[in-house]
Amino acid sequence: MAHESQYFLSFGERGEAGKYCLRRNNYEKKPDEWNTLDLICFNGKSLHIVNGEVVMVLKNSRYINENGEEIPLTKGKIQLQSEAVELFFKGIRIKPIKSLSNEYINYF
């Protein structure tokens, strides 16, 4: 669960926390209601916000290429997906930002 007082754990193939990040609270709405997801990415940092609640904070996101090198995830494609259920999207907006707002900067 994202909170300003938490320290960062590394997760992934070489991470101290294993390969997966699990949520502590569920902020999703009832099955017949729409959820809102805000994904804010800036300078290698990201915030995942579900219905106004910050649920995950990432920094130094990267992947390991075929040569075993860590490559920063600072640009590239956006993938929208769901695991194990049908998913519908509406009102998708993508816009550039020049900085993180004061509301979110404290998570880092």
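- Checked against side-chain contact (heavy atoms from CB on, under 4.5 Å), Glu66 has no partners two or more places apart in sequence or in another chain.
- The only option from Ile105, Ile97, Leu47 that meets the side chain to side chain contact (heavy atoms under 4.5 Å, CB included) definition with Phe42 turns out to be Ile97.
- Scored by the side-chain contact (heavy atoms from CB on, under 4.5 Å) test, Lys98 finds no partners at all (sequence neighbours excluded).
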Derivation and outcome, side-chain contact (heavy atoms from CB on, under 4.5 Å), residues Ser46 and Ile40 = CA-CA 5 Å; Ser46 67; Ile40 300 171; over 6 Å; no
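- A donor and an acceptor atom, one from each side chain of Tyr27 and Asn25, are located under 3.5 Å apart.
- Looking at residues two or more places apart in sequence or on another chain, you find a side chain to side chain donor-acceptor pair (under 3.5 Å) between Asn35 and Asn51.
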After noting the C-alpha distance and the side-chain angles of Val54 and Tyr104, does the key distance pass the side-chain contact (heavy atoms from CB on, under 4.5 Å) rule?
-> CA-CA 9 Å; Val54 176; Tyr104 299 128; 4.1 Å; yes
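- Here Asp38 pairs with Thr36, Ile49 under the side-chain contact (heavy atoms from CB on, under 4.5 Å) rule; sequence neighbours left out.
- Here the NZ-CZ distance, from Lys59 to Phe108, works out to 8.5 Å after rounding to the nearest 0.5 Å.
- Shown here are the side chain to side chain donor-acceptor pair (under 3.5 Å) partners of Asn65, two or more places apart in sequence or in another chain: Glu69.
- Among residues two or more places apart in sequence or in another chain, the side chain to side chain donor-acceptor pair (under 3.5 Å) test is passed with Gln79 by Gln81.
- Side-chain heavy atoms closer than 4.5 Å link hydrophobic residues (I, L, V, M, F, W, Y) into clusters, and following such links, even through other members, never connects Ile94 to Leu37.
- The NZ atom of Lys45 sits 15.0 Å away from atom CG of Leu73, with the distance rounded to the nearest 0.5 Å.
- Residues Glu70 and Ile64 come closest through the heavy atom pair CG-CG1, 4.2 Å.
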Could you go step by step and tell me if Trp34 and Lys90 meet the side-chain contact (heavy atoms from CB on, under 4.5 Å) rule?
-> CA-CA 9 Å; Trp34 285 97; Lys90 70 175 186 176; 3.3 Å; yes
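- Around CD1 of Ile78, the count of heavy atoms belonging to other residues, nucleotides or ligands within 6.0 Å does not exceed 12.
- Residues His48 and Val55 have side chains in contact (heavy-atom distance under 4.5 Å, counting atoms from C-beta outward).
- Between the CG atom in Asn43 and the CG atom in Asn60 there is a gap of 11.0 Å [rounded to 0.5 Å].
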